[in-house]
Structure formats: C-alpha cells, structure tokens
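Numbers here simply count residues along the sequence, with the first being 1. What you are looking at is a predicted structure, and each value in this text was computed from that prediction instead of being measured.
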Amino acid sequence: MASLVGKNPGFDFLQQCCHDDPALRLMIKKLLAKFPQWGIAIVDGVLVDWE
C-alpha cells in the first residue's frame with residue numbers, strides 16, 4: 001500500500017515487518033530504494049533511520 005501512495009508507514013512498523021518474514025524484508029528493501037526521501041535504509045540486514 002505504501003508503494004502506491006508513497007506515504008511513509010513509519011520506522012517502527014517497517015522494523016517489525018522486517019523481523020516477521022524474509023519475503024517482507026525483500027519487499028521493504030525495494031520500497032526503501034524507491035523512496036529514499038523517507039530517510040530509512042537497510043544496512044547489513046538492519047533497518048536504520050538516518051535521522
């Protein structure tokens with residue numbers, strides 16, 4: 001849903017999803033690459049908030 005509207009779902013939500021399912025982790029990587037303005041990235045498998 002976030003990829004359709006471009007709205008940041010929030011760091012806490014994304015972090016929780018990253019730990020829940022490996023398939024979701026891949027989708028989140030793609031989503032974060034599409035929206036770098038959110039200031040969130042995955043570095044060495046860990047979700048990082050730039051701010």
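- Using a 4.5 Å heavy-atom cutoff, the side chains of Leu32 and Leu14 are in contact.
- Rounding to the nearest 0.5 angstrom, the gap separating the CG atom in Leu47 from the CZ atom in Arg25 is 10.5 Å.
- Side-chain contact between Ile42 and Val48 is absent, with no heavy-atom pair separated by less than 4.5 Å.
- Leu31 places a side-chain heavy atom less than 4.5 Å from the side chain of Trp38.
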